[in-house]
Every structure is written in C-alpha cells, then in structure tokens.
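Notes follow the structure.
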Amino acid sequence: MLVLSRKINETIVIGDDVRVTLLGIEGDKIKLGIDAPRSTRIFREELLEATRSTNRQALDAPLVTFDLSRFEALPRQD
Amino acid sequence: MRAGAHRAGREDDPMQIETLRFGRVEIDAHKILTFDQGLPGLESSRRFTLLHLEAGNPILWLQSVDAPEICLPVVDSFAAVPDYVFDLFDEDVAALGLDSPADLYVLSVLVIPQEIQGMTANLAAPVVINMRTGQARQVVLGGQEHPVRLPIFRRICEMMKEDERDAGAKPEN
C-alpha cells in the first residue's frame, strides 16, 4: 500500500484519469473529492460488505401475505 | 417507472424449476434474468426469475433458477420510493446493454425479520434489470448517500392499498 500525507486542498493523481483531493478535515472524518471518469467504479467499501450481509439475511425472510379485508400484512404460516 | 417483468414479442417457453419456498414452479424461460456477476454474497447463482406470491402484493420474490434455497424478497424501487434517484456507472450501463430508460426495471432487496413490521429495503445497492435483454446486476452505488436499511413496511402497506384502489376490486380474505 502506498502511504501519502496530504494537507487540505492537496491532490493525488492516480493513473491517467483519477484525481483525489483532500477537501477538509472535521474531527475524525476527512472529506475527499474524487475526479474520475464515469467509467470508474467508486464506492464506500463498507457498502459492498453491507450489501453482502443484507443479501444473505434476505434469504431468511418469512413469506409475507396480506389480509386484504383488514389491509394488514401477515407472515404466512405454511 | 412501472415496467412489468415481461418481455413482449415471444411465445412462452415453459420450464419447471424447484424452489424451497414455493415447491415446483413453472416459469417462462424467456423471462429468466441473468446476473453476469451474481449477487454480492451469493455469487454462485447467476440465473433468477421473479415470482409473485399473490396479485396486489408489492413484495416479489427473486428466485434462483438453479439453487432452490436462494430466494430474496424484493420490491419495485421507484414504486416504493418515488423520489429515488441515482446514477449508474458507465460500465454497468454497457454491461447491461441499456440503451433506453424504458428498458430499465429496478428492484430493492428487502430484509424481512420475523417481526415483519421491521422490514427494510437496500437502496444503496439496487438490482438493475434490462427488461429487453434480461441482463441484470446488483450495483453498489457510489457517491450518493442511500440507506442500506430503509424502513419500508409502512410504504409496502400503502402500495398494497393503492393497488387495491386502482384495481377497484373488492377486498377478499
């Protein structure tokens, strides 16, 4: 892993098309600005892990049916 | 955007699949959705179909065609969250062969606990389907701050009531 230090408003260039700029620091959070073509996939790492775990949890769902006479949602007891 | 899960213009091609929740189900092979990357966390399965438990129920079931035990509850994202907006990466638009927004159908995966009022929708990773080709991907969104677990029970009940009103049907048990 390449480790660099940046001050606010300093930029890192990655490859030909990606620029990352430190925009600000607030407490333990930093704000990054990322300039990249729309062809580059950029996302928060924890979202991928959160999606994996919600997908796995989704498998355990009870079947949900509706009692239309009362507009109520019920888990189906099959 | 209310595209249905049907691709017009071809005769049905019936096939039987085994499912854990619904037993043996007959589906139209033309309606099989292909996820070239699988789903995050469930990458072994590539082919899915959408099943409806009952008419008017907004919760659909994304059922693996090959793995009977892989079945996820989903909901039409734009119907559930009318002001939902996101950008797709160019790579995903290209992989899905999307050339018109009319071909787009977007679903959100639901987590439904035993206490079903606690059900949530993952808006941070929509399931994006090209209805014309059947290609699909679950895309983890960048930039935009969408919730992974949006409480959605109230909205699901509203959708069901809206559907009942639109259908003009008498409620039945």
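Source: prediction; values computed, not measured. Protein chains get the first letters and strands the later ones, always in sequence-line order, with residue 1 at the start of each.
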Please flag which part of [X] lies under 4.5 Å from any non-hydrogen atom of chain A: side chain, backbone, both or neither.
{"X": "B/V139", "answer": "side chain"}
{"X": "B/I59", "answer": "side chain"}
{"X": "B/I116", "answer": "side chain"}
{"X": "B/E69", "answer": "backbone"}

Checklist entry - Residues two or more places apart in sequence or in another chain: which of them pass ring-ring contact (aromatic ring centres under 6.0 Å, His included) with B/F35? => result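 So B/F35 forms a ring-ring contact (aromatic ring centres under 6.0 Å, His included) with B/F48.
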State yes or no: do [X] and [Y] share one hydrophobic cluster built from I, L, V, M, F, W and Y residues joined by side-chain heavy-atom distances below 4.5 Å, directly or via other members?
{"X": "B/L39", "Y": "B/V148", "result": "no"}
{"X": "B/L53", "Y": "B/V111", "result": "no"}
{"X": "A/V3", "Y": "A/L32", "result": "no"}

Checklist entry - Which one of B/L62, B/D90, B/L42, B/L88 has the most heavy-atom pairs closer than 4.5 Å to chain A? => result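 Among B/L62, B/D90, B/L42, B/L88, the one with the most close pairs to chain A is B/D90.
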Give the minimum heavy-atom separation between [X] and [Y], together with the two atoms involved.
{"X": "A/L63", "Y": "B/W61", "value": "CD2-CZ2, 3.5 Å"}
{"X": "B/R21", "Y": "A/P62", "value": "NH1-C, 4.4 Å"}
{"X": "B/V140", "Y": "A/F43", "value": "CG1-CD1, 3.7 Å"}

Item to check | Separation between CD of B/E54 and OG1 of A/T65, rounded to the nearest 0.5 Å | outcome: 3.0 Å
Checklist entry - For atom CD of B/E115, is the number of surrounding heavy atoms from other residues, nucleotides or ligands below 6.0 Å larger than 12? => result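 Open.
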Checklist outcome for this item: Listed by number, the residues in residues 9-25 of chain A that come under 4.5 Å of chain B (heavy atom to heavy atom) are none
Next on the checklist: At under 4.5 Å between heavy atoms, what parts of residues 45-61 of chain A are in contact with chain B? List them by residue number.
Outcome noted: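 Expected list: A/L47, A/L48, A/A50, A/T51, A/R52, A/S53, A/T54, A/N55, A/R56, A/Q57, A/A58, A/L59, A/D60, A/A61.
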Item to check | Sequence neighbours excluded - ring-ring contact (aromatic ring centres under 6.0 Å, His included) pairs with any residue from residues 126-156 of chain B | outcome: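 Applying ring-ring contact (aromatic ring centres under 6.0 Å, His included) to every pair that reaches into residues 126-156 of chain B, excluding sequence neighbours, yields B/Y84-B/H146.
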